[in-house]
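Predicted, not measured: the structure shown is a model, and the values here were computed from it.
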Amino acid sequence: MITLLNQNYAIAVRIVNGIPFLWIAELFQIFQSGRAVLFYVRLVMKGLLINLWMFAPAGFLMPLAFPAFRNGKRVIAAGLLFSILIESLQFMHGGRVVDIDDVLMNGLGTGLGFCIYQIGLFLIRTATIGESINSKKRRLAAD
């Protein structure tokens, strides 16, 4: 709902930013002009972090739910494709900004979620191997 519905239905403007991380150049201009830098930095970081965290659960849950997505490249590709779908719907709906940064941060978030999945898998395997070794040691000691 948040990503597709516009708060102001009277305005149907389509803004597309296809330049990755354009905000960095804008930030330098703001620093040079002496305008409200902290507000702008907070706004940009909040947007980037929201996009990152919004897709992290998908990167974690896809490999758990679907064995075909236990490959990092597939998970990230699926996250990017879904993000492109959302941005396309926003463009068609109008009144929303379509931004390549959103797609990139959503893909990065999906990758972050997959990394968390891999770490969890590693910890579970390590604990299982450690438990198996300890049980073998106990059996040998009992014999």
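With hydrophobic clusters built from ILVMFWY side chains whose heavy atoms lie under 4.5 angstrom apart, Leu89 shares a cluster with Phe55. No path of Ile, Leu, Val, Met, Phe, Trp and Tyr side chains, each step under 4.5 Å between heavy atoms, connects Leu81 with Ile86, placing them in separate hydrophobic clusters. A continuous path of ILVMFWY side-chain contacts below 4.5 Å connects Met105 to Leu49, so both sit in one hydrophobic cluster. Cluster annotation: Val16 is not connected to Ile19 through the hydrophobic network of ILVMFWY side chains, with a link wherever side-chain heavy atoms come within less than 4.5 Å. Both Ile76 and Ile84 sit in one connected hydrophobic cluster of ILVMFWY residues. Membership requires side-chain heavy atoms under 4.5 Å apart, directly or through other members.
Considering OG1 of Thr126 and CD1 of Ile119, their distance stands at 11.5 Å, rounded to 0.5 Å. If you take CD1 on Ile100 and CG on Leu22, they are separated by 12.0 Å, rounding to the nearest 0.5 Å. Atom-to-atom distance recorded for Asp99:CG and Phe91:CZ is 13.5 Å, nearest 0.5 angstrom. With values rounded to the nearest 0.5 angstrom, Leu121 atom CG is found 8.0 Å from Arg70 atom CZ.
The two residues Val75 and Phe114 come nearest to each other via the heavy atoms CG2-CD1, 3.7 Å. Across all non-hydrogen atoms, the minimal contact from Val103 to Leu80 is O-CD2, 3.5 Å. When all heavy atoms are compared, the tightest approach of Ala58 to Pro63 is O-CD, 4.4 Å.
Crowding of Phe21 atom CZ: a count of heavy atoms from other residues, nucleotides or ligands under 6.0 Å exceeding 12. Arg74 CZ: 12 or fewer foreign heavy atoms inside a 6.0 Å radius.
Phe60 is linked by a ring-ring contact (aromatic ring centres under 6.0 Å, His included) to nothing, counting only residues two or more places apart in sequence or in another chain. The side chain to side chain donor-acceptor pair (under 3.5 Å) check on Thr110 picks up nothing, with sequence neighbours excluded.
No donor-acceptor pair closer than 3.5 Å links the side chain of Asn51 to the backbone N or O of Asn106. Put simply, the side chain of Ser83 never gets that close to the backbone of Gly79: no donor and acceptor are under 3.5 Å apart.
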